[in-house]
Number of protein chains: 2
Amino acid sequence: MLTAERHQLILSLLADKQTIRLQEIIDHTNASESTIRRDLDTLEKKGKLNRVHGGASAATLTKEEATMSEKSEKFHAEKEAIASFAARFIKGKETIFLDAGSTTNLMIPHLDPSITVVTNGPEHLPMLAERGITTYLIGGFVKPGTRAVIGANAVENLRQYRFDRCFVGVNGITEEDGLTTPDPEEAAIKKNVLAQSLSRYILADHSKFGTRTFTKFGDPEDAILITDASTPTAEKLKSKTEIEVAHP
Amino acid sequence: MLTAERHQLILSLLADKQTIRLQEIIDHTNASESTIRRDLDTLEKKGKLNRVHGGASAATLTKEEATMSEKSEKFHAEKEAIASFAARFIKGKETIFLDAGSTTNLMIPHLDPSITVVTNGPEHLPMLAERGITTYLIGGFVKPGTRAVIGANAVENLRQYRFDRCFVGVNGITEEDGLTTPDPEEAAIKKNVLAQSLSRYILADHSKFGTRTFTKFGDPEDAILITDASTPTAEKLKSKTEIEVAHP
DNA sequence: CATAAATCAATCATAATCATTCATAAATTA
DNA sequence: TAATTTATGAATGATTATGATTGATTTATG
């Protein structure tokens, strides 16, 4: 069996099951344990899945990250509502930071062309250029999969800028653990962005409330949360921080 | 059996199966291994399939469409020849700088995935990611139109890196004015890139020789010029600098 | 907490696959 | 026809993929 075929098979098995054990893959492929381990290494490097002890799990919601394309479909109407709502906070010729990600991407059609945007999401560039918006890009390591720019280099590059407002995505929000994201390198970026902005906005659809992921980058009370529907966790947070609900 | 016939057959075999082994094709064609390998090389260059170890896998539609639009560009065949020729200079696991632009973009399919690329061209990222190439992006002002990253900020960001080789585009080459490009900000980038590289390559189709534009960023003798055809200006320069002619 | 079981990364030798080169044959052009 | 280009197959040494083995690490359990 061809290496590339095995890789496809593994990903399709994962697409159904969300998690898979090493032994299952071995049964399906007649390949050795070593080979499958190497496959998982390779696929993880490409951001196609996440390795866990005993096997692998899909690079999708909650624990793990979704790829850009997968994200852009889930909760699209909700994200669109959040994005257009968020864009309304920007007044006049401000300079804003726009986080990499699918929700922030949806803000671009609602942006006034006279503003200046700084972003770590190269995938935003075509739309920003189309709208004639002055754009600065953060430099650094390009993360495979989500294609955000991250790393020590990116953080240093970021420090040169100060923002009137920042719009930042998040993977999990809980009362105890605050704002979390799976990748520490991405968390470092978000943390710095928040520190260098006068006004801070966290864009999070309702699925993000009550879940937590690996790395904390801030507390809900340091920012304005923009979401699409209220949840138990959101209700609890209402005493501490400002929550704006954008109805789709 | 005719070469073109074999190519058709290979593509039709792939149309059903998604992936195919080299041996399968050999069985179907009575051609030698070498010939089939050459066929796969050719077809991959045309974007009709992706080579994988042991055979080939079907190319996605988007890639096919992308190569279609690429082909409509000016001097496409010449640029492709220059690009694939240039890529051959890279040995092993080196770190290279890849300039923004259409000619350098054509190098990407010919790059070894084990190298590291630094670039000021965000438009290269999708293809670099697809090939699984480790990539660092220069940060700074995003130039509308060409979408290169330029400006003082970009130059400063650039200074952190040292390259084994750099591959740089150019707008004009003359004996008197050297290497020129219209935008001073872009020239600044190119100048610094050249200074920080052990080996320097200028990619220029024949139309660039004998024309000069606004800003000079270097002299031909500081780099190896890669072009597609000899011109009077190129002949004059041959005494001063190395010129490699890549025939389409 | 301690032990056993499972899972893991690292290494090795082997086999498969690969790019490159060369000489020859076919096709094309002068 | 002769010269030139192109296509081909075989041979080569290099690269990559693989499965088995090792001992270390992690997880489960009593």
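Proteins come first, then strands; the chains are lettered A, B, ... in the order of their sequence lines, and each starts at number 1.
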Would you indicate what T3(A) reaches in the nucleic acid, counting non-hydrogen atoms under 4.0 angstrom: base, sugar-phosphate, or nothing? sugar-phosphate
Heavy atoms only, 4.0 Å cut-off, all strands: where does R6(A) land among base, sugar-phosphate and nothing? sugar-phosphate
Once you round it to whole Å, what is the distance between [atom2] of [N] and [atom1] of [X]?
| X | N | atom1 | atom2 | value |
| --- | --- | --- | --- | --- |
| E5(A) | dT17(C) | CD | C1' | 15 Å |
| N30(B) | dT8(D) | CG | P | 13 Å |
| E44(A) | dC8(C) | CD | P | 11 Å |
| Q23(A) | dA5(C) | CD | P | 18 Å |
| L22(A) | dG19(D) | CG | P | 13 Å |
| E33(A) | dC8(C) | CD | C1' | 8 Å |
| D39(A) | dA17(D) | CG | P | 10 Å |
| R21(B) | dT16(D) | CZ | P | 18 Å |

5' priority, DNA chain C, between H53(B) and R37(A) [closest heavy atom]: R37(A)
Can you tell me the pairing partner of dA17(D) across any strand shown, Watson-Crick or G-U wobble, with both distances under 3.5 angstrom? dT14(C)
Options [options], nucleotide nearest the side-chain atoms of [X]:
| X | options | result |
| --- | --- | --- |
| R51(A) | dA10(D), dT17(C), dA9(C) | dA9(C) |
| T35(B) | dT16(D), dT8(D), dA20(D) | dT8(D) |
| S34(B) | dG19(D), dC8(C), dT20(C) | dT20(C) |

Without hydrogens or angle criteria, can the side chains of [X] and [Y] be said to hold a donor-acceptor pair below 3.5 Å?
| X | Y | value |
| --- | --- | --- |
| S230(B) | E235(B) | yes |
| T181(B) | K190(B) | no |
| Y201(B) | D99(B) | no |

Indicate yes or no: at least one non-hydrogen side-chain atom of D219(B) is less than 4.5 angstrom from one of T241(B). no
Whichever of I36(B) and L2(A) has the more 5' nearest nucleotide on DNA chain D, that residue is I36(B)
Would you indicate, yes or no, if dA10(C) has its OP1 or OP2 atom less than 4.0 angstrom from a side-chain nitrogen or oxygen of R38(A)? no
Where N192(A) and R159(A) come nearest, the two heavy atoms and their spacing: OD1-NH1, 3.0 Å
